Amino acid sequence: MMILNMWVVFIVMYMIGNLIFVSKHKHLLIVLLSLEFIVLGTFFFMMIFLGLIEYDMYMLMVFLVFSVCEGALGLSILVSMIRSHGNDYFQSFSLL
């Protein structure tokens, strides 16, 4: 019963993160926070799954390293966008 509750928590976290990612596309900061929430849900899923099959938790460390690198890259893009455009609105940012 406990494992079923953990699966439900993972699915809810993942779906809420995806819902925010799809619906809130005005600010870059909100998009980055929703991506981090999805990564946190995926980390929670990997922790449950690797604990369930009694596997080594080394892959969690590799996943955390990649997620920290992804977060640092997103923050650097956010800072450079705010310095060049003055805000983090997607409307003021041209992709051309």
Side-chain angles (χ1 to χ4, degrees):
M1 186 68 180
M2 178 94 172
I3 297 201
L4 181 64
N5 291 338
M6 289 183 188
W7 284 101
V8 170
V9 167
F10 159 69
I11 291 171
V12 168
M13 284 177 67
Y14 195 76
M15 294 307 266
I16 287 174
N18 280 330
L19 180 70
I20 292 171
F21 181 72
V22 171
S23 66
K24 302 290 183 185
H25 49 80
K26 185 176 181 180
H27 294 281
L28 181 63
L29 183 62
I30 295 174
V31 171
L32 290 174
L33 283 174
S34 67
L35 284 175
E36 289 298 320
F37 194 69
I38 291 170
V39 166
L40 182 67
T42 308
F43 174 75
F44 188 59
F45 167 72
M46 285 179 65
M47 189 173 65
I48 293 169
F49 184 71
L50 292 176
L52 195 65
I53 63 171
E54 296 176 1
Y55 194 69
D56 191 17
M57 296 292 175
Y58 179 74
M59 286 303 295
L60 287 178
M61 292 300 290
V62 173
F63 181 76
L64 282 178
V65 166
F66 282 113
S67 64
V68 166
C69 292
E70 175 255 338
L73 182 65
L75 284 178
S76 67
I77 291 171
L78 177 70
V79 167
S80 68
M81 185 175 168
I82 288 175
R83 284 187 181 204
S84 65
H85 297 284
N87 55 23
D88 66 336
Y89 295 131
F90 278 123
Q91 292 89 1
S92 66
F93 185 63
S94 177
L95 293 176
L96 295 175

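For clarity, every value in this text was computed on a predicted model and none was experimentally measured.
- To the nearest 0.5 Å, the span separating CE on Met47 from CG on Leu52 amounts to 12.5 Å.
- Phe43 has its side chain out of reach of Val39: every pair of non-hydrogen atoms, C-beta onward, lies at least 4.5 Å apart.
- Here the straight-line distance linking atom CG of Leu19 with atom OH of Tyr14 works out to 13.0 Å at 0.5 Å rounding.
- Heavy atoms only, all atoms of each residue included: Phe10 and Gly41 are closest at CD1-O, 3.0 Å.
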Could you go through residues 65-77 and list every donor-acceptor pair under 3.5 Å that involves a side-chain atom there, pairing it with any protein atom two or more places apart or in another chain?
{"from": "Ser67", "atom 1": "OG", "to": "Phe63", "atom 2": "O", "distance (Å)": "3.3"}
{"from": "Ser67", "atom 1": "OG", "to": "Leu64", "atom 2": "O", "distance (Å)": "2.9"}
{"from": "Ser76", "atom 1": "OG", "to": "Ala72", "atom 2": "O", "distance (Å)": "3.4"}
{"from": "Ser76", "atom 1": "OG", "to": "Leu73", "atom 2": "O", "distance (Å)": "2.7"}

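- Cluster membership check: Met57 does not share its hydrophobic cluster with Val62, using side-chain heavy-atom separations under 4.5 Å among Ile, Leu, Val, Met, Phe, Trp and Tyr.
- In terms of heavy-atom proximity, Ile20 sits nearest to Ser34 at CG2-CB, 3.6 Å.
- Ile82 and Val79 fall into different hydrophobic clusters, where Ile, Leu, Val, Met, Phe, Trp and Tyr residues are linked whenever their side-chain heavy atoms come under 4.5 Å apart, directly or through other members.
- Note that CG of Leu40 and CG of Leu35 are 12.5 Å apart. Values are rounded to the nearest 0.5 Å.
- When the side chains of ILVMFWY residues are joined at heavy-atom separations under 4.5 Å, either directly or via intervening members, Val8 and Met46 end up in a single hydrophobic cluster.
- With rounding to the nearest 0.5 angstrom, the CG atom of Asn87 is 10.0 Å from the NZ atom of Lys26.
- Distance check: Tyr55 OH to Leu60 CG gives 11.0 Å after rounding to the nearest 0.5 Å.
- Phe37 has its side chain out of reach of Leu33: every pair of non-hydrogen atoms, C-beta onward, lies at least 4.5 Å apart.
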